Amino acid sequence: MAENEKLQIIRHSCAHVMAEAVKHIFPGTKIAIGPAIENGFYYDFDFPTDHKITEDDFAAVEKEMRKIISSGAEFVRKEISKDEALKIFADEPYKVEIINDLPQDATISTYEQDGYIDLCRGPHVATTKEINAQAFKLQKIAGAYWRAHQDHRGDSDRPMLTRVYALCFEKPNELKEYLEMLAEAEKRDHRKLGVEMDLFHLEPEDPGQIFWHPNGWTIYTVIQDYMRKMVRRDGYQEVNTPAIMPRTLWERSGHWGHYQRNMFITESEKRLFAIKPMNCPGALEIFKSRLRTYKDLPMRLAEFGHDVRNEPSGTLHGIMRVRGFVQDDAHIICTEEQVAAEVAKFCKLLKRVYHDFGFEDLVVKFSTMPEDHVGDLATWQRAEKALSDACHEAGLNYEIQPGEGAFYGPKLEFKLYDCLGREWQCGTIQADFQLPSAERLDATYIGSDNQKHHPVMLHRAILGSIERFLGILIENFAGNFPTWLAFEQAAVVPVKNEFDDYAKEVNEALLSADIRSNAYTSDENMRQKIKMITKEHKTPYILVVGENEKNEKTVSVRFRQNSGLEQKTMKLEDFIAYVQEKVNSHSTEI
């Protein structure tokens, strides 16, 4: 048995133990479902109206769970008929609903431990003692509509249940390490640092939309300008497409039938329009605007397209998951024979970009045809083979994600790891044989045989959403951005106000050299200024200037805390050259 599979079984078994403990402590509670998830499990409950669980009850539940675990009760599996299952769970309405959805001749399995019986396919551990009593911890409580859709949209007509999340590992030290990581992650939370560093704010009345402040917008535009330079060097042309496009276009592209629930719809002159949730139809309309030949291909069209998606408000998370965002999007329109080379070229660019942001390790996932798809099987097989061949040409190993492709084509997903070992899915490239087809947007080019052909469209992004990627960067660097990304690269602080003029002179020289800096010439004392700059701005370099610096045209450089570098005095021109080298090399070191 694989280690991960074993851990999932332990977690699911522990979910049953938690359900039993909850039933003991809260009589009358109805149980729903309790799957294993990443790092633990959850269970959904319907508590009596007069006795609902709170986090204050966690200690009592954990104590009862340890008592059950220490009993060494066996997990006993039984196969029963649908009628038997309905009798056993007659007092459990959520289980009854699940059972009623099964065919009449279905064989149903139950698991029982310590007198507690649950509807479950299993498998489970042999006895409760295989669950380490010191390796689990109840974590949090959330609301969840019964049988919420897979995209996490709740159905407000269904009961709201109480979801209890728990962490669970095989060994206590694994739980300890994970809790330490969570504590560190909390310190780095981009929502907290976003406020402390005055980067952005979010308005409750305008969910999923970001109000960027000067500090945050500076970093945002640095990232965007960097990506603009990188794609231009890689042979892309930048375009821009309308924010609102008609229903007829979205119907032909297939998005109206497969993505409408995530689209904001508006009406004008008795016609329906949608605010674009993605940029691909617009890019193809540009391609179609004039006659193209095989000599025009591949055509690489980049767009920093502002998209809006109607995400459920309950799933929004800071700037990581929003409704309004900009993608570093691009669409490569090419022949089928060019797919492998274009994907390989893209992968090389992606690796370079991730390196410049300080990410070296990545995992590639290959997502194949989903159940909800357009196009025939033969076309999908050609698309998947083209993408697979491209991976081999690019020297990429990948893991298969069956059925996780986009509705129009298979895709590669690139997942990077931050300094805490957390996985983030950012980059993607998708091979689309559908959108340019005659059945969809009917894009064509004239081939070398003087005949019309439909191109392939590669949808690709490296950062994904710039907003989300910036959130990842905030947490990865804990706000201590490398010099090239910092919104304030240098802060000039005079020892006393009598040296304000020299501080301004230094600041002007830095600004002229395209170094983002500020001169702090307020009446606060030097210590107060440095404390504020260090805590709120996390500026890489604080330049202290006084009489000696003024007379010798130098600056006393204080490097950011934890950089490992000691304070040193430098000629102003030498400091400028030093910073410019860090910026131009995209170094992640101070």
Side-chain angles (χ1 to χ4, degrees), residues 231 234-259 273-274 276-303 305 307 327 329-346 369 373-390 393 405-412 428-461:
V231 299
D234 212 45
Y236 290 80
Q237 298 171 290
E238 188 174 340
V239 299
N240 190 266
T241 59
I244 299 176
M245 291 188 276
R247 169 180 177 168
T248 50
L249 178 62
W250 296 112
E251 285 178 330
R252 285 186 286 123
S253 72
H255 291 91
W256 194 267
H258 291 80
Y259 204 77
F273 296 79
K276 66 175 179 178
M278 54 212 35
N279 310 300
C280 32
L284 213 51
E285 289 298 289
I286 290 175
F287 177 83
K288 291 168 53 184
S289 66
R290 59 187 299 179
L291 181 67
R292 310 288 182 181
T293 76
Y294 69 98
K295 292 183 178 181
D296 296 316
L297 306 182
M299 180 179 285
R300 306 181 189 99
L301 301 178
E303 179 176 11
D307 299 325
Q327 292 181 303
D329 210 357
H331 297 89
I332 303 168
I333 303 167
C334 60
T335 69
E336 189 169 344
E337 292 74 26
Q338 292 170 332
V339 168
E342 286 301 307
V343 172
K345 180 179 175 65
F346 164 75
M369 185 179 73
H373 66 272
V374 295
D376 57 69
L377 179 60
T379 303
W380 270 86
Q381 289 173 337
R382 281 167 44 219
E384 290 180 1
K385 184 179 186 305
L387 206 55
S388 177
D389 290 346
E393 183 168 328
F407 73 84
Y408 48 77
K411 63 182 175 178
L412 298 180
T428 182
I429 186 163
Q430 304 158 1
D432 183 359
F433 284 59
Q434 308 297 334
L435 201 60
S437 69
E439 293 77 20
R440 293 296 166 188
L441 295 186
D442 196 21
T444 61
Y445 67 94
I446 304 299
S448 58
D449 58 359
N450 282 327
Q451 301 299 310
K452 284 187 176 182
H453 300 272
H454 295 288
V456 176
M457 188 179 210
L458 301 177
H459 309 243
R460 113 290 175 275

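If you're wondering where the values come from, they're calculated on a predicted model, not measured in any experiment. Computed from heavy atoms alone, side chains included, the values below leave out hydrogens, waters and symmetry copies. The first residue of the sequence shown is numbered 1, and numbering continues consecutively from there.
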For His459, what residues pass the ring-ring contact (aromatic ring centres under 6.0 Å, His included) criterion, not counting sequence neighbours? His331, Tyr408
Of Leu441, Val239, Thr444, Leu297, the one forming a side-chain contact (heavy atoms from CB on, under 4.5 Å) with Phe287 is Leu297
Smallest heavy-atom separation, Pro436 atom then His454 atom, equals O-ND1, 3.0 Å
For residues Glu384 and Met369, report the shortest heavy-atom separation together with the two atoms involved. OE2-N, 3.0 Å
Sequence-distant partners of Tyr445, side chain to side chain donor-acceptor pair (under 3.5 Å), two or more places apart: none
In Å and rounded to the nearest 0.5 Å, what is the CD1 to CZ distance from Ile333 to Arg300? 11.5 Å
Are Phe407 and His255 near enough that their ring centres are under 6.0 Å apart? yes
Test item: Lys276 and Trp250 side chains (from C-beta on) under 4.5 Å apart, heavy atoms: yes
Does some side-chain heavy atom of Ile332 sit less than 4.5 Å from a side-chain heavy atom of Tyr236? yes
Do you know the tightest heavy-atom contact between Pro277 and Asp307? O-CB, 3.4 Å
Measure the CG-CZ distance between Asp329 and Arg460 for me, rounded to the nearest 0.5 Å. 7.5 Å
Which heavy atom in Glu342 sits nearest to a heavy atom in Pro298, and how many Å separate them? OE2-CG, 3.3 Å
Close side-chain approach of Lys345 to Asp234, heavy-atom, < 4.5 Å: yes
Does any part of the side chain of Leu435, heavy atoms only, come nearer than 4.5 Å to the side chain of Cys280, both counted from C-beta? yes
Nearest 0.5 Å, what's the CG-OG distance between Leu284 and Ser289? 10.5 Å
In Å and rounded to the nearest 0.5 Å, what is the CG to CG distance from Asp432 to Leu458? 8.5 Å
Strictly by modelled atom types, are Thr241 and Glu303 linked by a side-chain donor-acceptor pair under 3.5 Å? yes
Please examine the side chains of Met299 and Ile286, heavy atoms only from C-beta on, and report whether any two atoms are closer than 4.5 Å. no
Taking all atoms of both residues into account, what is the closest heavy-atom pair of Lys288 and Asp442, and its distance? CE-O, 4.1 Å
Testing the basics here: between Arg440 and Glu251, what is the closest heavy-atom pair and its distance to 0.1 Å? NH1-O, 3.7 Å
Would you call Gln434 and Thr379 a side-chain contact if the rule is heavy atoms closer than 4.5 Å? yes
Could you give the distance from CG (Leu249) to CZ (Phe273), rounded to the nearest 0.5 Å? 11.0 Å
State, with a plain yes or no, whether a side-chain heavy atom of Lys295 is found less than 4.5 Å away from one of Thr293. yes
Does CD belonging to Gln237 count more than 12 external heavy atoms closer than 6.0 Å? no
